[in-house]
Amino acid sequence: MTTAQPLDFQAPAPSPLALLLLGREADPKSERGVECPGDLPAPSDPDLVERARAAKAKLGDKVFVLGHHYQRDEVIEFADVTGDSFKLARDAAARPDAEYIVFCGVHFMAESADILTTADQQVVLPDLAAGCSMADMATAEQVAECWDVLTEAGVAEATVPVSYMNSSADIKAFTGKHGGTICTSSNAERALTWAFEQGEKVLFLPDQHLGRNTAVRDMGMSLDDCVLYNPHKPNGGLTAEELRGAKMILWRGHCSVHGRFSLDSVNDVRERIPGVNVLVHPECRHEVVAAADYVGSTEYIIKTLEAAPAGSKWAIGTELNLVRRLANRFAGEGKEIVFLDKTVCFCSTMNRIDLPHLVWALESLAAGKVVNRIEVDPEVAAFSKLALERMLALP
């Protein structure tokens, strides 16, 4: 009998992709993977918590720290407010006296905060490589090409773009320029209702699942009313006839976390935990949403669990940091909360914001040095704000 020898781990060569994932080098077509300068404190530094507290105390009211629900607990501890992406951007806009907005989230969220805050405020993202794979799935060039395809098919004038909050400032600006609106997972139905009052069709960017689920589950459309535009295929992989016959033109994008959940995940958890309530985010696949008991935004998920009776059982289909935090929060009330999938799945880009990056950003600001500032081009910001204001004016 022979003993297997351990394989030598071969580190990947420093290819452009590897450097991109590490947050080095630059990719102008992606909202992540840009150079992030500065020497970070070691993750093992036992004084990180005290250093964060000291830097934040020194800055006082000059800094306002925002923490997205999907952030690590070590980061959430230092957030002045927590919430989903749009709530946090509005919270930032409501604090005009804060000179620095430190956004512990991802790039598109910090962009939205910069768009909605004053020119005197500076938005900081602790790690510039904290992007969003979904937002990266729709570039300005691809969307402009899509609009040309719709124009060629003779449907552009009848089409209203609706872009999910989880999109880059460039996509929000395109939406504003072409008479559309932004939506969140909480108000997608209201946004689509408004859009269909303006035109006959909707181009929904960039998350196909939220668009499909809202149209079919919430608004009574059929799956046949939806077509999927693939930016990597000629004409999006669609014929002019298919575009003319569709009500919802869905962009081929998705959330890498919520897209993991499957119908098998739902069936498995029901077998393992009799009487379990399945609660999922609308970014999940259509078949998962159809099989769930409850569907809603991050804020909806939290409020549903707050109102749940003691002793109830829940399987949650959303990011693991939040699920784990909710499980700990409600354990004392006898609520059993588990992750819908058996496989551990964090949002990898959201998790780039860790305590060393936060300490580095806060200590730099305390020393008078602004790092990783997020600045949106003024013209892009103006059209993006127009789209955001249309959303705020939704009935």
Side-chain angles (χ1 to χ4, degrees), residues 6-27 30-60 62-82 88 99-107 109-110 113 122-133 256-257 319-325 328 344-374:
L7 296 175
D8 291 332
F9 175 74
Q10 299 295 322
S15 64
L17 177 59
L19 293 174
L20 188 65
L21 294 174
L22 289 170
R24 295 162 54 194
E25 300 303 320
D27 180 1
S30 170
E31 69 153 23
R32 61 186 169 91
V34 292
E35 186 179 359
C36 186
D39 295 325
L40 300 179
S44 59
D45 185 342
D47 299 323
L48 281 176
V49 171
E50 289 306 318
R51 287 174 62 177
R53 286 175 181 163
K56 196 162 183 282
K58 183 177 180 180
L59 287 162
K62 291 174 66 176
V63 70
F64 190 48
V65 180
L66 307 174
H68 191 272
H69 285 309
Y70 296 167
Q71 286 293 323
R72 307 161 182 252
D73 289 344
E74 67 190 49
V75 172
I76 288 292
E77 178 183 348
F78 294 98
D80 293 304
V81 294
T82 59
L88 293 178
E99 186 175 342
Y100 307 118
I101 305 295
V102 176
F103 209 123
C104 297
V106 293
H107 198 277
M109 300 177 188
Q122 300 181 77
V123 177
V124 169
L125 184 65
D127 185 352
L128 291 179
C132 171
S133 58
S256 56
V257 171
E319 206 272 346
L320 183 54
N321 271 317
L322 175 60
V323 176
R324 186 170 58 186
R325 190 175 301 123
N328 292 332
V344 172
C345 186
F346 297 97
C347 176
S348 59
T349 48
M350 189 78 73
N351 270 262
R352 293 198 65 101
I353 308 295
D354 55 13
L355 197 49
H357 280 88
L358 179 59
V359 168
W360 170 69
L362 291 174
E363 288 184 338
S364 298
L365 292 175
K369 180 182 179 183
V370 179
V371 294
N372 289 6
R373 184 179 179 187
I374 301 298

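Index from 1, following the sequence. Quantities reported herein were computed from a predicted structural model and do not represent experimental measurements.
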- request: For side chain to side chain contact (heavy atoms under 4.5 Å, CB included), just list the numbers for Leu66 and Cys104, CA-CA rounded to whole Å, side-chain angles, deciding distance to a tenth of an Å, and then say yes or no.
  value: CA-CA 6 Å; Leu66 307 174; Cys104 297; over 6 Å; no
message: Can you give me the closest heavy-atom contact between Arg51 and Pro41, atom names plus distance?
response: NH1-CB, 3.5 Å
- line: Value for CG (Leu322) from CE (Met350), rounded to nearest 0.5 Å, stands at 10.5 Å
field: Nearest heavy-atom neighbours spanning Ala361 and Val124
entry: CB-CG1, 4.3 Å
message: Can you list everything that forms a side chain to side chain contact (heavy atoms under 4.5 Å, CB included) with Ala110? Sequence neighbours excluded, please.
response: Phe103, Val123, Leu125, Ile374
message: Suppose we screen for side chain to side chain donor-acceptor pair (under 3.5 Å). Which residues come up paired with Asn328, at least two apart in sequence or across chains?
response: none
- line: Those residues at least two apart in sequence (or on a different chain) that pass side chain to side chain donor-acceptor pair (under 3.5 Å) with Arg325 are Asp73
query: Of all heavy-atom pairs between Leu48 and Pro43, which one has the smallest distance, and what is that distance?
result: CD1-O, 3.6 Å
- line: CD1 (Ile76) and NE2 (His69) are apart, to the nearest 0.5 Å, by 8.0 Å
- request: Apply side chain to side chain contact (heavy atoms under 4.5 Å, CB included) to the pair Leu358 and Asp354, showing each step before the final yes or no.
  value: CA-CA 6 Å; Leu358 179 59; Asp354 55 13; over 6 Å; no
- prompt: Any idea which heavy atoms bring Lys56 and Val65 closest together, and the distance?
  reply: CE-CG2, 3.6 Å
task: Start with the C-alpha gap between Leu88 and Met109, add the side-chain angles, then the distance that decides, and say whether side chain to side chain contact (heavy atoms under 4.5 Å, CB included) holds.
output: CA-CA 8 Å; Leu88 293 178; Met109 300 177 188; 5.5 Å; no
- prompt: Taking all non-hydrogen atoms of both residues, which atom of Arg352 and which atom of Asp127 are closest, and how far apart?
  reply: NE-OD2, 2.9 Å
message: What's the separation between atom CD in Glu363 and atom CG in Leu59, rounded to the nearest 0.5 Å?
response: 10.0 Å
- line: Interatomic distance, CD@Glu50 vs CG@Asp45, rounded to 0.5 Å, equals 11.0 Å
Min side-chain heavy-atom separation Val81-Phe64 under 4.5 Å: yes
message: What's the separation between atom OH in Tyr70 and atom CD1 in Ile353, rounded to the nearest 0.5 Å?
response: 16.0 Å
- request: Can you spot which of Leu362, Val102, Asn372 makes a side chain to side chain contact (heavy atoms under 4.5 Å, CB included) with Pro126?
  value: Val102
- prompt: Where is the tightest heavy-atom contact between Phe78 and Arg53, given as atom of each residue plus distance?
  reply: CE2-CG, 3.5 Å
query: Do Val63 and Glu99 come within less than 4.5 Å of each other through their side chains, counting heavy atoms only?
result: no
query: Do Glu77 and Arg72 sit within salt-bridge range, that is, some charged N less than 4.0 Å from a carboxylate O?
result: no
